[in-house]
**Q** 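One structure is given below, represented as structure tokens, and several questions about it will come after.
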Amino acid sequence: MQSPYMMYPARITARRVETEGIYTFTMQFVDPKIRRSYRFEAGQFNMIYVFGVGEVPISIVSDPTEPAALEHTIRIAGRVTGAMAGWKVGDVVGVRGPYGNGWPVVQARARDVVIITGGLGCAPVAGVINYIFRRRDDYGELHILHGVKTPKDLLYRERFDEWRRAPRTRVYLTSDQPDKSWHYRVGVVTQLFDELAVPSSAIVMMCGPEVMMRYAARALLDKGISDDSIYLSMERRMECAVGLCGHCQYREHFVCKDGPVFTYRTVRKLFRTPGI
Ligand SMILES: Cc1cc2nc3c(=O)[nH]c(=O)nc-3n(C[C@H](O)[C@H](O)[C@H](O)COP(=O)(O)OP(=O)(O)OC[C@H]3O[C@@H](n4cnc5c(N)ncnc54)[C@H](O)[C@@H]3O)c2cc1C
């Protein structure tokens, strides 16, 4: 039986600086057999290994229909991600995965889709947005709401511009600490909800700081959207990624194997503050 910890070498083929301290790396498995057989779903993550330092879970942001070139957007947070900042094109790193479940792309078919993100939260949903655009006729209106602290925290600027120009798509951006360069809304992401007109049959996919997701989920319930149509991608520290070590245990759930995507119906019972 193959070890669940089996990791494969992958070569960095592109490196892009998104904003200060945030990089997007494109990588390809060195072994052509692995490159051909590797598949993932939008919303899943890989464990990315820096040789001699350690490994961390990172969402896959590229399109699942092109699994040979994997993209990961990484924010420098500490020891392991700090070492990733030094990666150059041509470097070889370790990748194991994919892990976790994906976004509910099947349940979302023929429905209006609302994507809500805060800060780096937009990384895990970039893959599902690309997925929907590739199958645009299968989905209803697409609403993308994104909040950042300051304008320099806005990742994927050119992608937001591209998404805004697409038919049946609305993009709403807000910053709670704007400067003179900011031409969009001011405030936190939930303040955008006054502009959001969607039927109660809409499906919501959310990623970002947990407090933002809690308040957003509550406001969505007020709009008549049911708690099993609101999906959240949760983050917990994890080690094994296969439900063995217990680091990411969330009451009876493991974020690594039962998530990271959960319905709000599931997670609202787990939140410590009742009602939020
Ligand atoms: C399913 C999943 C998907 C993720 N996707 C991405 C992604 O696409 N891009 C990305 O940049 N990061 C992502 N992360 C977060 C990333 O794994 C952590 O930032 C990373 O593990 C930090 O490791 P480090 O050794 O660099 O920092 P450390 O030295 O371990 O920690 C630095 C600081 O960050 C805090 N921290 C570390 N991990 C977490 C965490 N999971 N939750 C809250 N605080 C934490 C520590 O407490 C400490 O304060 C994801 C995490 C999960 C669970």
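Along the sequence shown, residues are numbered consecutively beginning with 1. Indexing begins at 1, ligand by ligand and atom by atom, following the structure's order.
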**Q** Could you check whether Arg185 makes a cation-pi contact with Tyr172, meaning its NZ or CZ is under 6.0 Å from the centre of the six-membered ring and within 45° of the ring axis?
**A** no
**Q** How far is atom 42 (N) of ligand 1 from the closest protein heavy atom, and which atom is that?
**A** Glu235 OE1, 3.6 Å
**Q** Looking at atom 27 (O) of ligand 1, what's its closest protein heavy atom, distance included?
**A**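 Protein heavy atom with the smallest distance to atom 27 (O) of ligand 1: Gly78 CA, 3.3 Å.
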**Q** I'd like to check atom 14 (N) of ligand 1 in this structure: does the protein have a heavy atom lying under 4.0 Å from it?
**A**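 Yes, there is a protein heavy atom closer to it than 4.0 Å.
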**Q** Using protein heavy atoms only, decide if any is under 4.0 Å from atom 44 (N) of ligand 1.
**A**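 Under the 4.0 Å cut-off, atom 44 (N) of ligand 1 has no protein heavy-atom neighbours at all.
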**Q** Can you find a side-chain donor-acceptor pair between Ser229 and Arg111 that sits under 3.5 Å?
**A**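 Judged by distance alone, the side chains do pair up.
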**Q** For Met238, take its heavy atoms, then give the atoms of ligand 1 lying under 4.0 Å from any of them.
**A**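 Listed by number with element: 53 (C).
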**Q** For Thr73, which part has a heavy atom under 4.0 Å from ligand 1: side chain, backbone, both, or neither?
**A** backbone
**Q** If the test is side chain to side chain contact (heavy atoms under 4.5 Å, CB included), which one of Val128, Ile129, Val261 qualifies with Met205?
**A** Val128
**Q** Which is closest to atom 16 (C) of ligand 1 in terms of heavy atoms, Pro57, Ala85, Ala77?
**A** Pro57
**Q** Nearest heavy atom to atom 30 (O) of ligand 1: which of Glu239, Arg237, Arg75 does it belong to?
**A** Arg237
**Q** Ile74 heavy atoms, cut-off 4.0 Å: which ligand 1 atoms fall inside?
**A** 11 (O)
**Q** Just to confirm my output: which protein heavy-atom neighbour is closest to atom 3 (C) of ligand 1, and how far is it?
**A**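 The closest heavy atom on the protein side is Ser59 OG, 3.5 Å.
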**Q** Is there a protein heavy atom less than 4.0 Å away from atom 48 (C) of ligand 1?
**A**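 Given the 4.0 Å limit, the answer for atom 48 (C) of ligand 1 is no, no protein heavy atom qualifies.
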**Q** Any idea which protein heavy atom is nearest atom 12 (N) of ligand 1, and the distance to it?
**A** Ile58 CD1, 3.7 Å
**Q** Any atoms of ligand 1 less than 4.0 Å from a non-hydrogen atom of Arg236? List them with their elements.
**A**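 Ligand 1 atoms under the 4.0 Å threshold to Arg236: 41 (N), 53 (C).
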**Q** Is it true that Asn46 and His72 share a donor-acceptor pair across their side chains at a distance under 3.5 Å?
**A**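 Yes, side-chain donor-acceptor contact under 3.5 Å.
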**Q** Just to confirm, does any protein heavy atom lie below 4.0 Å from atom 40 (C) of ligand 1?
**A** yes
**Q** At what distance is the nearest protein heavy atom to atom 29 (O) of ligand 1, and which residue and atom is it?
**A**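 Here the nearest protein heavy atom works out to Arg79 N, 3.1 Å.
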**Q** Where the side chain of Asn130 meets the backbone of Gly127, is there a donor-acceptor pair that is under 3.5 Å apart?
**A** no
**Q** Scan side-chain atoms only and decide if Thr65 and Tyr131 contain a donor-acceptor pair under the 3.5 Å cut-off.
**A** no
**Q** So that I can tick it off, tell me whether Asp258 and Arg251 are bridged by a salt bridge, with the cut-off set at under 4.0 angstrom between side-chain N and carboxylate O.
**A** no
**Q** Relative to atom 21 (O) of ligand 1, which among Val56, Val261, Val80, Val61 owns the nearest non-hydrogen atom?
**A**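 Going through Val56, Val261, Val80, Val61 one by one, Val56 has the nearest heavy atom to atom 21 (O) of ligand 1.
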**Q** If you take the centroid of each ring, where Trp contributes its six-membered ring, are Tyr38 and Phe29 closer together than 6.0 Å?
**A**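 Close enough - the centres of the two rings lie under 6.0 Å apart.
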**Q** In ligand 1, which numbered atoms sit nearer than 4.0 Å to a non-hydrogen atom of Thr81?
**A** 24 (P), 26 (O)
**Q** On a heavy-atom basis, which atom in Ser200 and which in Gly224 lie closest, and how many Å separate them?
**A**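 Taking every non-hydrogen atom into account, CB-O, 3.2 Å.
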**Q** Is there a donor in the side chain of Thr24 and an acceptor in the side chain of Glu71, or the other way round, less than 3.5 Å apart?
**A** no
**Q** Out of Tyr184, Trp163, Phe160, which residue meets the ring-ring contact (aromatic ring centres under 6.0 Å, His included) rule with His146?
**A** Phe160
**Q** Nearest to atom 1 (C) of ligand 1, what protein heavy atom do you find, and at what distance?
**A** Phe45 CD2, 3.7 Å
